[in-house]
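In what follows, a single structure is set out as C-alpha cells and then discussed.
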Amino acid sequence: MWTLVVNCGSSSVKFALLRPTSGEVRLSGLAERLGSEAAAVRVDRPGERVTVPLPRGSYPEAFGVLLAELDRLGARRDVGAVGHRVVHGGARFSAPALITPEVLEVIRACVPLAPLHNPANVAGIEAARAAFPDLPHVAVFDTAFHQTMPEVAYRYAVPPAWYHEHGVRRYGFHGISHAFVAGEAARLLGRDLSELHLVTAHLGNGCSVTAIAGGRSVDTSMGLTPLEGLVMGTRSGDVDPGLHDYLAREAGLSLGEITADLNRHSGLLGLSGLTNDMRELEAAAAAGDERARLAVEIFVYRLAKTVAGMAVALGRLDALVFTGGIGENSATVRAATLARLELLGFRPDAAANARAVRGQGGRITLPEGTPALVVNTNEERMIARETQRLVVGDL
Ligand code: AMP
C-alpha cells in the first residue's frame, strides 16, 4: 500500500509517498516558510527536483501542490492512507490512532503541553483531511513509544497536584526514531528485539537518549518538554530549575525570555557563540577555536553521562545505537563518546567508525566488547508502517 506521510511544523510541511514494506519513495518534498510571502514547496520527483512558489503561504495551498503532483504521477488513486506525525499525545496515546473528530479533540487538548508543535500538527491534519477526504488518516505520536516507561522513570519529585492536575511528568520525544532504530539494530545484531537491552542515542538538532528493554522504552532523557536532557543544537538540556528565579532577579529577564534563550540561544550554539551545526563546530575546533572545542566536549560529556545513567534503567547493556544527523555522520563525536564509556565495555574499532558516515551504518566496535552501532533513522518509513498496520492490519 502506498502511504502518504505528512509532518507539519509551525512553518513547514514535509511529505513523502512511500511503500512501508520496501521503503520505496515515489515522491517527497518540503514546503517551507509557510505564513510568509517567501513560502515555497520543493518537490523531489523521480529523477528531478522542482520548486513551486506558494503565494498564499498556507497549508491548504501546499496540499494543493501535493495533489497536483500526485495527479501528474497518476498516483492519487494509489494512496491508501495518510500518516501524520504528531509531537505530543500526552498520556492518552500509547499507540497510533485513527484520526476521528474525538482524536483530533484530544490532540488539541495536548496543545498546552506542546504549544509550538501541536497547533501546527492540528492545522496540517485539517488541511490534509480536506485534501484527502476519503482516505483514512492516522496520527503517529512522538511521545507514544515512551508511554511504557515505569512510574519510577516518568515522575518528577514535585508536589503531587502538579502531576495530577496539570500532567507534570516526563513524556519523552523522538519515539518514532528510537523505535525504528531499535528494530534495525536487532536485525543488524541478528537477535530478537524482545531479548535485547539497548540504549539508542538520537543526535540531531534535537538530541535524546532512550533505554529500551525488550523493545519497550523504560527511560528517556527528554521530559515534560523536549528541552530536558542532553545538550542540543540550540537547546540547553538540563539546567538547575533555580535558574529562572535567579535570572529573573539578577538580569531582569521574563519567564518567556528565559525559556526562549534556553530553547533557541543555548546548546552548541550558546556554548560556542558560533553555530549549532556540528560539522562547522568540528571544523572550527580542528582549526584551533577553543569555544568550539569546549562546546563539542561538553556535548559529548553530557551524552556519555546520560548513556551510562540509562544502563541503570536496563541492568545490562547489549548495544548502544547512534542515529540522527550527528549520530549517523560524526565519527568524532562517536569516538569521543565511546572513549568516555569504557566502563560499559566498548572496544572501539577506529577504522569501522571512520567508515560509518553518509548513510553507511554498521558496527563500530571490535567483536570482543559491547557492540556500538550506527543506524540510519527513517521516521517517514516508521510512520508509514504504523499507519499501514493500523489501517489494514499487520504488515
Ligand atoms: P538532523 O536534525 O538529524 O538533521 O541533524 C542535524 C545535525 O547533524 C547538525 O548538527 C549537523 O551539523 C549534523 N551533521 C550532519 N552531517 C554531519 C557530518 N558529516 N558531521 C558532523 N555532523 C553532521
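Computed from heavy atoms alone, side chains included, the values below leave out hydrogens, waters and symmetry copies. Counting starts at 1 for both ligands and their atoms, following the listed order.
Judged by the 6.0 Å and 45° rule, Arg340 forms no cation-pi pair with Tyr301. For the pair Arg169 and Tyr171, the cation-pi criterion (under 6.0 Å, within 45° of the ring axis) is fulfilled.
The nearest protein heavy atom to atom 16 (N) of ligand 1 is closer than 4.0 Å.
At least one heavy atom of Asn276 sits less than 4.0 Å from an atom of ligand 1.
Residue, atom and distance of the protein heavy atom nearest to atom 19 (N) of ligand 1 are Asn329 CB, 3.4 Å. In this structure, the protein non-hydrogen atom closest to atom 20 (N) of ligand 1 is Arg279 CG, 3.5 Å. Of the protein's non-hydrogen atoms, the one nearest atom 9 (C) of ligand 1 is Met278 N, 4.1 Å. Counting protein heavy atoms only, atom 3 (O) of ligand 1 is closest to Gly325 N, 2.9 Å.
Below 30°, between 30° and 60°, or above 60°: for Tyr163 and Tyr154 the angle between ring planes is between 30° and 60°, a tilted geometry. Between Phe173 and His88, the ring-plane angle classifies as perpendicular under the 30° and 60° cut-offs.
Using modelled atom types and a 3.5 Å distance limit, the side chains of His178 and His202 yield no donor-acceptor pair.
For ligand 1, one of its N or O atoms has an N or O atom of Ile326 under 3.5 Å away. On a distance-only criterion, Asp277 and ligand 1 share at least one N/O pair closer than 3.5 Å. Considering backbone and side-chain N/O of Leu203, none are found under 3.5 Å from N/O of ligand 1.
Surrounding CZ of Arg187 are at most 12 heavy atoms belonging to other residues, nucleotides or ligands under 6.0 Å away.
Counting atoms of ligand 1 from 1 in the listed order, those under 4.0 Å from a heavy atom of Asn205 are 1 (P), 2 (O), 5 (O), 6 (C). Those atoms of ligand 1 with a heavy atom of Ser330 less than 4.0 angstrom away are 21 (C). Under a 4.0 Å criterion applied to the non-hydrogen atoms of Gly204, ligand 1 contributes the atoms 1 (P), 2 (O), 3 (O), 5 (O).
Proximity of a side-chain donor or acceptor of Asn118 to a complementary backbone N or O of Ile107 within less than 3.5 Å is detected.
With salt bridges taken as basic N to acidic carboxylate O contacts below 4.0 Å, none links Glu368 and Arg347.
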